[in-house]
Amino acid sequence: MDMQDASKTVVDDDMIRLVCFMFSNEQYAVNIFNVRAVIHIPRIAPVPQMPEFTLGVINIRGSIIPVFDLRKKFGLEEKAINSQSKLLIAEVNGSQISFLIDAILDNIKIAKSSIDPSPQVKMKIKRECIQGLGQVDDRMIVILDIDRLNESINEDILELSRQGR
Amino acid sequence: MVQLPSDMSPEERQRNDSSETGSGKTGSEKEKPAKKTVKNYSTIDDRYFEVYIDDTEQNIEKFNEGLVNLEKNPDDLENINNLFRLVHTIKGSSGMINIAEVQDVAHGMENIFAIVRERKSAFADMFSIMFKGIDAINTLVRSLKEKKCITADVDPLIAEFNQYLEHLPKSDLKKEAEYERVALNTRDLLEFLRRSRQKREALVKARAAGNDLFKIVLSIDENIPMKSMKVLLVEEHLKDDGTMIVMVPDADSINDNLKGAVGVNLLFCSAQEEKDIRSSILLDGVKVVSVEKIEPKDFDDLIQDESLENRASAEMESPSEQTASVLSVEADADAGEAMDQHSSQATTIRIDTHKLDSLMNLSGELITIRSKFERLLNMFNDEAAAQKDFMRSFDAVRLNYESLTKELQELVSDNEKNSEAQRVIRLLDQLSKDINVINQQMVKTDLWAQINSIEETTGVLGKIASDIQAGVMQARMVPIKGVFSRFRRIVRDISSDIGKEVRLVIKGEETELDKNLVDSLGDPLTHMVRNAMDHGIEDPEIRKKLGKPAEGTIMLRAFHQGNNICIEVADDGKGLNPDFIVQHAKEKKLITAQQAGQLTDKEKLDLIFIPGFSTAKQVTDLSGRGVGMDVVKNIIKALKGTIGIDSKVSEGTTFVLKIPLTLAIIQALLVHVGEEIYAMPLEAVVEVIKITNDMIYYVDGNAAIKLRGHALSLVKLEDIIQIRGGNSNGFEAKNIIVITNGEEQIGVSVDRLAGESEIVIKSLPHHFSHVKGISGATILGDGQISLILDPKQIITDAK
């Protein structure tokens, strides 16, 4: 299990540090504050009665963490897991969640002010889960709003369980 | 913690001023508009605050219990002393962190109790004001606990106390009472001497100079503002007449904010007479309660005992350090008592429950690691077995080789000087020797002995892990007394409110349970006791007509049963009538007439747990929420417990709560379904059977088998849990786990069994809280996650 420990924090006021990764042929990023680790995908224990995008749970040093497949959640084209696929473990609201990423890229620093909060381009994932669009050199990076993503996941789960009654 | 006048707000200053003149609140006789001020206490250090709230809550409980008993037995002197001490402690600890309101109320109560103590008997008319007082303190403490501020105005209550005090008969025993109140036991005073070599040496010196040892008891008047200064003055004055050996408390440890008189006890060496000593301590505000000579025989052993020389290590801190702990009070009669307790009882230590929680987690990890060890050991065993097989095979090879060599040698006789043959024979011989050497070496490595010792050690490790786990769980266990004690007061209050005579019987209050449970059980139990009193117990006249004793009985009983704690709330009242309940449920449109017709009497009783059933508009519990039996059931369910009803019309009703003790670690049966492993709590498993397809028959499309003459419904685990990708064929020859919820049984089919194991229960992340049939997860020895099944839910869903 190789891990990139997200411990460096940003000191400058306007600058934030992002952990970038490939997802569905595009570059995405999460604020490093919210990233606990990026790891090889361990054995996932499936949990029944959950939406398809919930793959199950994993054991990280005694903690049980849910695993989500965002492709399934946002209805994107499926892709088989390969050797480059990883799991990004994020911390949000005091608890941890994780989701599949296609490949890990680098950490970059970006000025908050340079992030475009309402991009005109059509996004693959739900608009509300996006914090904004960042541009570094000639790269376009979609910055995820991890809090909102977590809420959206919870809403979907709740919806399914309500239907089940 | 002395507040300088400049630190205080004008309000606080005024409050302090008025209290210094000792007249209680000024203008208390006139009509005063209620003060609407909010007194904020948020600046108090959290740690002290928590400790204060905790302790005071406990003391309030004890006080309530004691007061109810005192009402029944007003001459119980031990109880009186106990109650006095409790209210004195509440006053003191409140004073320590400057919570004036509580301090004032406690002070008022203490004053009354002081007189009661002298008199050695309670006044019949004092109880209503006492209960009022302790309730006021309770309200104040709760307000502090929830909002860290006080909005109530205690002045009217203080005025009431003063009024009551005025009309009480004063006695001439006051002087003796005062001595009792402030004096330390001589023996305890001498104890200070015993523990300090310095003091003993001072005494030896003074005695050598022909001085006598006196015990002086002083009382510093409560109206003196700077008591610590007065004590310093006393010290100064006495210096001229002799040597101060022991002073308790010394000037440094006196808290000037404490209300009431302060007692000072001294051991003083002097050549003077008693009356001379008395006159030298003639100071304003200092009353000399007693001066008495201590007989040499009482302390000679202290200064002559040589072994004391070696007790350097047993020297105690000076009295000032001793008495200045966060919650210690004025060092008067209490200090002596506290010291007594310290030396005779086991010491207790206050510990944050979070620390215990982490210990619990660690002990759980230890159990998991032990399982890992056992697995490794098994692998080791397999290796060793394989090696043994190898050795056997090798030995067979060796024997074959030897016999082959022998045959060959016989065939080639010495006569045939066939050098080629001879050479081969020599080589074979050499090889034979090598084989023997290898064989010797193999026999030497005794893997088995090593495995045995590892096995032994793992066994010891396992035992220690279990013991640690048990120990940590024990550490969190507290007697249920803490929950039950409040009911004496509750039953007394309601009893008089509603005009029914009810007595409370408590059994098994020493039964222990996890501290977490204690906090959760208070409200549900209170609701049930109130119900029993309101709706269960009949009016005295009705009871007499029925031939029952006029006094109703409510019984609270707690006991352990297996891994659970059982709590019964029983009354001998009118019982629950299934027909009335059904009627009521129909009226409230909770069930249809048709559904009602299908219920057994027992099931009809369970209707009271449906939300919306509760009859009266009950704003019962302390925090003002309405509580119905459905809420009670939910709380018990959240604790993974059950609640059952046993009732007979006109005889009474008993509620039985059954709650598991060890929430964290259980025995489970591990089963395979497909690739995944699931854990079934062993306490729900009746048996495990293997069936063949021909044993299965179908009723209405549901599978069942005949087990010892009874029908047993079958379900597939993958169906009931809705495991994705389960195979939808019928049952094949499978393993069936027969599980029970205490009443019914069903058979659950799984692919394979994976043995029993002790598992640590971990909760699933909140995302999974709606999954039915799964109650948590555990991490197996190899790191794999196993979901824990919920047998009760499975049985319910199977229907």
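Each chain gets a letter, A, B and so on, in the order its sequence line appears, and its residues count up from 1. Note that these values count all heavy atoms, side chains included, but never hydrogens, waters or copies made by symmetry.
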[X], [atom1] atom: more than 12 neighbouring heavy atoms under 6.0 Å:
X         : atom1 : value
Glu155(A) : CD    : yes
Lys112(A) : NZ    : no
Lys126(A) : NZ    : yes

| note | Applying side-chain contact (heavy atoms from CB on, under 4.5 Å) to Leu356(B) and not counting sequence neighbours gives Ile351(B), Leu359(B), Ala475(B), Arg476(B)
| task | Using a heavy-atom cutoff of under 4.5 Å, enumerate the residues of residues 46-53 of chain A that contact chain B, numbered in order, or state 'none'. | result | Pro46(A), Val47(A), Pro48(A), Gln49(A), Met50(A), Pro51(A), Glu52(A)
| query | Looking at Ile774(B), Ile785(B), Leu764(B), which has the largest count of heavy-atom pairs under 4.5 Å with chain A? | reply | Ile785(B)
| task | Answer yes or no: is there a side-chain heavy-atom contact under 4.5 Å between His767(B) and Asp156(A)? | result | no
| request: Sort Ile64(A) into side chain, backbone, both or neither according to what part of it lies under 4.5 angstrom from a heavy atom of chain B. | output: both
Please output the side-chain donor-acceptor pairs of residues 669-679 of chain B that fall under 3.5 Å, not counting sequence neighbours, one pair per line with the distance.
unit_1    : atom_1 : unit_2    : atom_2 : d
His672(B) : ND1    : Arg752(B) : NH2    : 3.2
His672(B) : NE2    : Arg752(B) : NH2    : 3.4

| field | Pairwise distance CD1(Ile779(B)) to CD1(Ile60(A)) - rounded to 0.5 angstrom | value | 9.5 Å
| message | Run the ring-ring contact (aromatic ring centres under 6.0 Å, His included) test against Phe768(B) and tell me which residues pass, sequence neighbours left out. | response | none
| request: Check whether Leu787(B) gets within reach of chain A through its side chain, its backbone, both or neither, counting any heavy atom under 4.5 Å. | output: side chain
